[in-house]
Amino acid sequence: MKTKIGSVKGAREFYPEMMALRNWLYTNMRAASQRFGYQEWDGPFLETIDLYAAKSGEELVKEQAFVFPDRGGDLITLRPELTPSLARMVAARQGQLPRPIRWWSFGPFWRYERPQKGRSREFFQWNVDLLGVDSPTADAELAAVSATFFQLIGLTPGEVKIQFNNRRLMDAEVSALGLAEKKKDVFRLIDRRDKMTPEAWDKYAGDMGVSPEQLTGIKTLLADRELWRKSTETVAFVEAARLLGIGDYLEYEPTVVRGLDYYTGTVMEGRDRNGEFRAIFGGGRYDNLLSDVGGDRIPGVGFAMGDMVIGLVAQKFGRIPAFRTSPAEILVTNFNEAGLPEALKLAQELRAAGLCAEWYPEAVKLDKQLKYADATGVRFAAIVGPDEAARGVIAVKDLQARTQQFTPRADLSALVSMIRGQ
RNA sequence: GUGCCCUUAGUUCAAUUGGCAGAGCGCCUGACUGUGGCUCAGGAGGUUGCGGGUUCGAGACCCGUAGGGCACCCCA
């Protein structure tokens, strides 16, 4: 066996079919973003570790970031998320940017983790952020952007949902139980409610110093599907979401608190209704992030959606269209060696006429050339042999309809309208 | 970072207690010298992921290692 050089563990390889899927996601993400007036932007793929050390969360920085020294010895990080770059870039031009700031982005991110279903070390992520507005209505708009994307790719409220909660609300409730000082641990406890057995969860709570009475209080909170009504913020969020027509996608979920440290208010999470897959997207309000990276206090809200889970969910519900692998509309075949120059010329004239035309590079048997058209998904084939040349025509074969007709060589517009008219 | 499973032709997978490495699909050639999907016949293609060990003999057993998968952790 020949020497094989493998790919980097967890890195993504996009063969044309997968590239088509990625572009399909990108196209719909852009459409949803632009429908609400968001502008596309991007940050650096390389950053310093310091940018994330401040607020992203210890696990993300210490365990999951790709960090390596550059040739000068400085530590470089492949970006594990986008929000800190956004905060820095906005802070750098905080006086110049018209507000509100509505920005979206789609690009690669890296996290050093064990690859598994719906997760790799290299992934693409759609980020949407709204800065300069501190209101539950702004939070609802972000939920609406994500819901619009779901609608665009055909995922219904019966298939996916947007769960929401509020950090301030949960802060107050947890503090009321006398657990203000253990808030961070308690949030972690809440986050794991559905991931552990009830017995293990109780023990976990006891181990962190939660009394039986407090534990009962937490359970009461988490069982209260109407808890959101106690917060004017969440009530306003739900009202705005209903006005935006996405109420069917929303579901209040007290256990959603999100892992990133910088969230301050509304938090949300996209899920498939069956709970078969991990989170489709995650997001929330971060009002202190900009001041934490040296800027003014500009409030913000945003979410991030990875490309892998949404791909799995779209596939499960059969919403991924059959992509054409070849962009070519017509394949110009070669009848024999003598005809090669004429075929080459014909292909170029078809391009000049506006068609995407591919030229078969060898005068092999027609049989093989047509099989190639079939295999790559090119619908039409142009054939010019001695008979056609003598009559001044081109035989145009429609491989899909299994028909063939002749069109004048001198006037390609007839051929173009025939193909485009189909 | 932890645990379990997997790796044999281009690809998906077989191979009895350790005993001559095989099949489907794909590819190539022909049936069909100017026409694709179907059919039939023939053919090419392997250092069984890599490195050690046990054995008369290893695809199989043992150790290591790389890659892949699933779950945990964390999160998109």
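As the structure is a prediction and not an experimental result, all values here were calculated from the model. Letters A, B, ... mirror the listed sequences (proteins, then strands); counts begin at 1.
- When the P atom is compared between B/rA23 and B/rA15, the two are found 15 Å apart, to the nearest whole Å.
- Other residues, nucleotides and ligands place no more than 12 heavy atoms under 6.0 Å from the OH atom of A/Y112.
- At least one side-chain nitrogen or oxygen of A/Q116 sits closer than 4.0 Å to the OP1 or OP2 atom of B/rA71.
- Pairing for B/rU16 is absent, judged as Watson-Crick or G-U wobble with the two contacts each under 3.5 Å.
- Among the atoms of the strands shown, none is found under 4.0 Å from any heavy atom of A/D307.
- Looking at heavy-atom distances under 4.0 Å, A/G283 makes no contact with the nucleic acid at all.
- The nearest heavy atom of RNA chain B to A/V309 and to A/I383 marks one nucleotide each, and the one closer to the 5' end goes with A/I383.
- A side-chain donor from one of A/W126 and A/S33 sits under 3.5 Å from a side-chain acceptor of the other.
- If you check the side chains of A/S105 and A/E40, you find no donor sitting under 3.5 Å from an acceptor.
- Rounded to a whole angstrom, the distance from the C1' atom of B/rG59 to that of B/rU7 is 11 Å.
- Shown here, B/rU35 forms no base pair; nothing in the strands shown gives a Watson-Crick or G-U wobble contact with both key distances under 3.5 Å.
- The side chain of A/R402 sits closest to B/rG37 out of B/rG30, B/rG34, B/rG37.
- Atom name P, nucleotides B/rC56 and B/rU12: the rounded distance is 37 Å, in whole Å.
- Residue contacts for A/Y372: at a heavy-atom cut-off of 4.0 Å it reaches no nucleic acid atom on any strand shown.
- When heavy atoms are screened at a 4.0 angstrom cut-off, A/A304 is found touching the sugar-phosphate backbone but no base atom.
- No contact: A/T83 has no heavy atom under 4.0 Å from any strand.
- With both ends at atom C1', the span from B/rG49 to B/rG68 equals 11 Å, rounded to whole Å.
- Among the heavy atoms of the strands lying under 4.0 Å from A/D374 is at least one base atom, whether or not backbone atoms are also near.
- Aromatic ring orientation, A/W104 versus A/Y26: tilted (interplanar angle from 30° to 60°).
- Of the candidate nucleotides B/rG36, B/rG34, B/rC75, B/rC75 has the atom nearest to the side chain of A/R111.
- If you check distances only, the side chain of A/Q369 never reaches the base of B/rU35 with a donor-acceptor pair under 3.5 Å.
- For A/R114 and B/rG1, a side-chain-to-base donor-acceptor distance below 3.5 Å is absent, hydrogens and geometry of angles not being considered.
- For the P atoms, the distance linking B/rA41 with B/rC70 amounts to 40 Å, nearest Å.
- Each of A/Y112 and A/P115 was matched to the nucleotide of RNA chain B holding its nearest heavy atom; the match closer to the 5' end belongs to A/Y112.
- Going from the C1' atom of B/rA44 to that of B/rC5 covers 35 Å, rounded to whole Å.
- Within 4.0 Å (heavy atoms only), A/K397 reaches at least one base atom of the nucleic acid.
- One donor-acceptor pair, N or O on each side, does fall under 3.5 Å between the base of B/rG34 and the side chain of A/E388.
- At a cut-off of 3.5 Å, with distance as the only test, a side-chain donor of A/Y252 or A/N165 sits close to an acceptor on the other residue.
- Nucleic acid contact class of A/F281 (heavy atoms, under 4.0 Å, all strands): sugar-phosphate only.
- For the residue pair A/Y263/A/D287, the side-chain donor-acceptor check at 3.5 Å is not satisfied.
- Checking B/rG51 for Watson-Crick or G-U wobble geometry (two distances, each under 3.5 Å) identifies B/rC63 as its partner.
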